[in-house]
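Heavy-atom basis, side chains included; hydrogens, waters and symmetry copies ignored. Naming: A, B, ... by sequence-line order, numbering from 1 per chain. None of the values given here were measured: they were computed from a predicted structure.
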Amino acid sequence: MPRAPRRILTIVLVLALAWALQPARAADVKLSLWRLKTYIPPADKILDTTVQDCAKQIGAEVQIQTYTFDDMWTKYTAAIESKTLPDVAELDSVGPARLANLGRLSDVSDLVGTVTKELGELAPNAEGAVKFGGKYYAVPHYVIPLILFYRKDILEKVSAQPPDTWEAINEISVKIKKAGIQDFPQGFPWNRTGDGYDPAMSLLWSYGAAWVDKSGKYIGIPKDKAVQAIKVVTPAFLTDKTSAFDYLSWSGSGNNEAFMAGKIAFTPNGPSILFQEDSTKHPLRKDTAIKMMPRGPAGRNLALTFVMNWAVPVDGKQQKEARALVACIMSKDKFTAYMTGSFQQAVPLFKNLINSDYWNNADGKVITETVKLGRPVGWPGPTTPAAAEVISSNVLTDMMTRVIVDKVTPEKAVEEADKRIKEIYDRLPVK
Amino acid sequence: MAGAPPQNQIILAQPAAAAPRARGLAWHRVNRVQERLLGYALIAPVALLIVLLIAYPFFNAIWLSLTEKMVGYPARFVGFKNYADLWESARFRIVAWNSVVYTVGSIGIKVVIGLAMAAALQKAVRGNQLLRGFLLLPWVIPTVVIALTWRWLLDLYRGLINVGLHDLGIIGSGIHWLGNPDLAMLSVIMANVWRGFPFFGVSFLAAMQTVPQDLYDAASVDGASAWQQFYRISLPSIKGVVAIVTLLSTIWTLNDFNIVYIMTRGGPGAATHIFATYSYELGIQSQRWGMAMAASMYSLPVIALLIIFVVRYLHRDEAAS
């Protein structure tokens, strides 16, 4: 080859090599983040702004994708199988257990340590969903507790006090119906949404009908207690006729719509109804009140089903940047801004913030007390993949609807549910 | 022999006459091979797409149905265990029965409405074209929109149907369209029929318009009534199209997901759960892919039998005519 072209070629090759070997510029770091699309758009906007601010701070570009409660697991299932989980994943209460068991989540114990320095200790009842084998596999972001919404004006009309027990809800509903105020005042859906399975867990646990021991191993549903619990709530559909069968087919927002339309007097829901009423200056806002979910003979053991957690899947190639992003999102200033912009929906699980003045009002106290008394999925044990599947397979709500719709006896329904739960725990043994 | 050409000339003459014919045959053979290769090359992209997008997922689904495959875990071969477990499950038997009721109910009503629509639109009257276009609307609207609209229409408190019936004094309180198990099934069938009847109507109408008018004229002269003409002339003439349209719609309806999922999520209880929604529940919510595939495969033998039956029926009909 002649000399001149050889020289030019050498220079070009050297330059190309130098370009390829240079360290990645900050703008080259691209992260993907998946988060829940909540019922509180202003809070979502604050979170997105926080994420982008944090991205600038760490010198990365973040692409945010959202999912709803309904399609969350459709999205994550595809990603798990194709090994394309995002760099930062917001997971629900069973997500960390499922993915950690598959070895798909990074150990973020150090990250939890960093966060607790600013935000205070993590609530002990939040650990069961994110800590396995002594290590943390997710950082709790917030919890949406389910609380009991009721119409205080209607209760006044029938001279009833706000209910503290499941039986009291039944009695008041009967009074409301007899008074001709509402046809079907009791809006407990027992359907295949969180509004169904969250109260179902709270109900069974409040009657002492948990099916695992403290290690999370299956011990069987205590049949007498479960039957007793079912016999308390199913008459609303079958004999008292204070609940409509249509409630069983509601989607996630069906009870919200019915409550705000003035058709029901009681319903379990997250605080989003308060936001919807406040933001639209709804005429029922002054008559809407909230209370902790009812207690039973075994006390008040409330399910914390909607715990959202930040996790760093091992699929991501930018582990350091992903962790830095989570640490920034969970820094005190940024998380406080999110919490106070969430219309009391995003309840923190860290001591300093859950005790902050923001919650020091009538509604805030009910909400935070609910969280403090809450139990993780899989209680009295930790959240395990088997516990996750009991919830996602709708075993508990199916147990209710077998009695209500198919008219089987509560005993038979409990037996069937117990069989299904046992099969799940046999297939996904607790280690 | 006198006058005969010398031997060598005879010998030389033969190759000269055969050469053009041999070249022609060879060219023809090469041309046919080239055409065949061109044909394969042209269908190769489509064949590849079919293999990748249809054949591979289909056979992979069959394989998964024979395994205990959970999301994130490797598949473990278990033979027909999933099928056996499903059949023993009372819930799955309910799902199977619901699927039959949903499909047979929807198809039966769609056939009747489709035939009525075609018979009515067959006559050339003013505004016919506009009416045909209007009646096609349900077919072009996205299924999700249709399902959401029907869910609103049938809402216990605020649905147009209950409010309308109540205001007319026909009912005292709302009907539990989506809460009563029987009415819930009827409701999803109604939505499915509303969505699908235009396909039947338009297909039957197109087939009816190929029937020679002479047959109807002759029948009229013989004193046949409109019903007799429809029953004796139209229906036998279009039975091939009826068979194919019914078959296609049966396959689509057996695999339907959107309408039931959006309207009832398979509820109340499992009253409207069908193969597709149950398969979704197993595969996505419970993360049990093997079981989910087995649930969806249960309809395969039925569909295969239907296809065989219809194809044989059409061939027999063709041979007879």
Side-chain angles (χ1 to χ4, degrees), chain A residues 70-81 83 98-99 101-104 183-184 189-193 196 237 243-252 254 257-258 261-264 385 388-395 397-398 400-406 408 416 420 423-424 427-428, chain B residues 64 68-76 85 88-91 94 147-148 151-152 154-159 162 172-184 187-188 260-273 277 280-292:
Chain A
D70 284 336
D71 63 18
M72 175 182 165
W73 279 104
T74 311
K75 200 170 172 73
Y76 275 110
T77 297
I80 291 167
E81 278 296 308
K83 293 192 169 53
R98 276 182 163 167
L99 269 68
N101 200 54
L102 290 171
R104 300 294 290 275
D183 289 331
F184 304 104
W190 310 119
N191 60 5
R192 296 193 182 103
T193 69
F237 290 88
S243 283
F245 278 74
D246 280 51
Y247 300 172
L248 302 171
S249 298
W250 272 341
S251 66
E257 291 161 8
K263 299 298 182 185
I264 53 178
E389 189 168 324
V390 168
I391 299 312
S392 49
S393 301
N394 301 298
V395 175
T397 47
D398 287 350
M400 306 293 185
T401 55
R402 281 287 279 157
V403 175
I404 296 167
V405 177
D406 301 330
V408 304
E416 286 174 356
R420 278 176 75 183
E423 186 271 330
I424 289 171
R427 198 163 23 88
L428 296 166
Chain B
L64 283 174
E68 187 166 304
K69 163 73 182 157
M70 288 199 56
V71 172
Y73 295 89
R76 185 173 68 91
D85 288 348
E88 279 170 18
S89 155
R91 190 179 179 79
I94 293 172
L148 285 169
R151 199 175 81 186
W152 168 72
L154 297 169
D155 186 81
L156 174 68
Y157 296 120
R158 298 160 298 138
N162 274 345
S173 61
I175 299 173
H176 297 243
W177 294 106
L178 300 177
N180 178 295
D182 296 324
L183 289 179
S187 300
V188 294
V260 172
Y261 186 75
I262 290 170
M263 286 180 72
T264 61
R265 292 276 201 279
T272 55
H273 238 342
T277 53
Y280 175 84
E281 187 178 281
L282 286 172
I284 300 297
Q285 290 173 353
S286 300
Q287 309 262 292
R288 298 181 70 182
W289 274 17
M291 195 66 97

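Contact of A:A261 with chain B is made through the side chain alone, with heavy-atom distances under 4.5 Å. Within the 4.5 angstrom heavy-atom criterion, only side-chain atoms of B:Y280, from C-beta onward, approach chain A. For a residue to count as touching a neighbouring chain, one of its non-hydrogen atoms must lie under 4.5 Å from one of that chain's; by this rule B:W289 touches chain A with the side chain only. For B:M263, the part lying under 4.5 angstrom from a heavy atom of chain A is the backbone only.
Of all heavy-atom pairs between B:G72 and A:E81, the closest is N-OE2, 2.8 Å.
Contact of the A:E257 side chain with the B:Y157 side chain is not registered, since no non-hydrogen atoms from C-beta on lie closer than 4.5 Å. A 4.5 Å side-chain heavy-atom check between B:R91 and A:R402 finds every atom pair outside the cut-off. For the pair A:F184 and B:L156, the minimum side-chain heavy-atom distance is below 4.5 Å.
Here the CD1-CZ distance, from A:I424 to B:R288, works out to 7.5 Å after rounding to the nearest 0.5 Å. Atoms CG and CG, on A:D246 and B:D155 in that order, are 7.0 Å from each other to the nearest 0.5 Å. To the nearest 0.5 Å, atom OG of residue A:S392 and atom CD of residue B:E281 are 9.5 Å apart. One finds the CZ atom of A:R192 at 4.0 Å from the NE2 atom of B:H273 (value rounded to the nearest 0.5 Å). Separating the CD1 atom in A:I391 from the CD atom in B:Q285 is a distance of 12.0 Å, to the nearest 0.5 Å.
A donor-acceptor pair shorter than 3.5 Å cannot be found between the side chains of A:S249 and B:T264.
Using a 30° and 60° split on the angle between ring planes, B:H176 and A:F245 fall in the perpendicular class, above 60°.
With chain B as the partner, the residue from A:K83, A:K263, A:R420 showing the most heavy-atom pairs under 4.5 Å is A:K263. Annotation: maximal heavy-atom pairing with chain B below 4.5 Å, among A:T397, A:L102, A:I80, occurs at A:L102. Taking chain A as the reference chain and counting heavy-atom pairs below 4.5 Å, the highest number among B:G269, B:S89, B:P181, B:G266 is found for B:G269.
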TODO: Please test B:M70 against A:R98 for side-chain contact (heavy atoms from CB on, under 4.5 Å), starting from the C-alpha separation and ending with a verdict.
DONE: CA-CA 11 Å; B:M70 288 199 56; A:R98 276 182 163 167; over 6 Å; no
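Checked against side-chain hydrogen bond (donor to acceptor under 3.5 Å, both in side chains), A:R104 has the following partners two or more places apart in sequence or in another chain: A:D315. Checked against salt bridge (Lys or Arg N to Asp or Glu O under 4.0 Å), B:R265 has the following partners two or more places apart in sequence or in another chain: A:D70.
Applying side-chain contact (heavy atoms from CB on, under 4.5 Å) to B:P268 and the options A:V405, A:I404, A:T401, A:D406 leaves one that passes, A:V405.
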